[in-house]
Amino acid sequence: MKILLTGGAGYIGSHTAWAAVDSGINVVILDNLSTGILENCPPQAAFYEGDVGNAALLDRLMSENKFDAVLHFAGSIVVPESVADPLTYYRNNVTNSLTLIDACVRHDIPKFIFSSTAAVYGIPEQGTVYEDTVTCPINPYGNSKLMVENILRDVSASCGLQTGTLRYFNVAGADPQGRTGQSSPKATHLIKVAVQYLLGKQDHISLFGEDYPTPDGTCIRDYIHVSDLATAHLAVLEALRKNPENLTLNCGIGRAFSVREVLETVAKVANRPLSIVSAPARPGDHPLWSQMRTGFGR
Ligand code: UDP
């Protein structure tokens, strides 16, 4: 099996690239290295530096290789940034994905696996969200991902492109063998920020919002380990091969932890106190969104 993996130098993409190589899959990576790091990619994978929005490059790659599937990780992922600069998010996440999907259709690539997000649910009425819970994003990031989900649904109905959509909750951790990790220097995610503090790379940790309607007032998130998420992608690929249907799946663990709980755990593991500074809630966040959890089996 041969797959094209966009964003393979990024956090989730590189873990999935390693998992695919480990299981004997032939991997070609396309990444523009805007946030990704080449050293995170498995050396067994062919690497092309370039943009998902570059139709000529996609045509070349897809003419030279017969791909069984495209796994599309490349995209912009920071919610507050999407609020400040929506056009960049729609360009990177929607326009470029459209170019990629169009190339897949023209080159008869049968399967497409898409990195989506729990942010497509917006403000759910209940804490637990299932895959059939109504989608209603509250920020440009979630909107951009839902737009691509809708494009894939329509393209699949019209020409049979088989799709797997994984709606990620919060992703954490790193490859247990240390071959890749969350290395993007600009990352703003909580655990990354806490570890950067421990490494002396920043002098405090900002705690964004402490009066949410949660037990300790801080936001609650459902964190999934990145290696489990990488395995989930390969499981979806296998399921698409065995079954002609499309799949949309929540990817979390079904249990949530507050920002305070996460920071307390980091301090406990490091056996050091953290310098935590209260800061205003971030734009694009919402109190009820903080109570979202993954639902399974409905
Ligand atoms: N957070 C925080 N300080 C930070 C980074 C994040 O208090 O330096 C909070 C953030 O407001 C949210 C939670 O931690 O409630 C998880 O944020 P993250 O950026 O990791 O993921 P998101 O849920 O926004 O995708």
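All heavy atoms count here, side chains included; hydrogens, waters and symmetry mates do not. Order of listing sets the numbers, starting from 1, for every ligand and every atom in it.
- Each of the following atoms of ligand 1 lies closer than 4.0 Å to a heavy atom of Asn170: 16 (C), 21 (O), 22 (P), 23 (O), 25 (O).
- Listed by number with element, the atoms of ligand 1 under 4.0 angstrom from any heavy atom of Arg282 are 10 (C), 11 (O), 12 (C), 17 (O), 19 (O), 22 (P), 24 (O).
- Taking every heavy atom of Cys219 and a limit of under 4.0 angstrom, the matching atoms of ligand 1 come to 15 (O).
- Distances between N or O atoms of Ile205 and those of ligand 1 include no value under 3.5 Å.
- Using a 30° and 60° split on the angle between ring planes, Tyr121 and Phe169 fall in the tilted class, from 30° to 60°.
- Not one N or O of Val193 is nearer than 3.5 Å to an N or O of ligand 1, by distance alone.
- Near Val259, with a cut-off below 4.0 Å to any heavy atom, the atoms of ligand 1 are 7 (O), 9 (C), 13 (C), 14 (O), 15 (O).
- Ion pairing between a basic and an acidic side chain is recognised when a charged N comes within 4.0 Å of a carboxylate O; Lys145 and Glu149 show no such pairing.
- Atom 23 (O) of ligand 1 has its nearest heavy-atom neighbour, among Arg221, Glu210, Gln196, in Arg221.
- In terms of the salt bridge (Lys or Arg N to Asp or Glu O under 4.0 Å) criterion, residue partners of Arg106 (sequence neighbours excluded) are, by chain and number, Asp59, Asp102.
- Each of the following atoms of ligand 1 lies closer than 4.0 Å to a heavy atom of Ser206: 2 (C), 3 (N), 4 (C), 7 (O), 8 (O).
- If you number the atoms of ligand 1 from 1 as listed, the ones under 4.0 Å from a heavy atom of Leu207 come out as 7 (O).
- Taking a cutoff of 4.0 Å between a charged side-chain nitrogen and a carboxylate oxygen, Glu64 and Arg60 qualify as a salt bridge.
- In terms of modelled atom types and a separation under 3.5 Å, the side chain of Thr214 and the main chain of Thr218 share a donor-acceptor contact.
- Heavy-atom distances between Thr188 and ligand 1 reach below 4.0 Å in at least one pair.
- Using modelled atom types, no side-chain atom of Tyr168 and backbone atom of Ile224 make a donor-acceptor pair closer than 3.5 Å.
- Salt bridge annotation for Asp22-Arg179: present, with a cationic side-chain nitrogen under 4.0 angstrom from a carboxylate oxygen.
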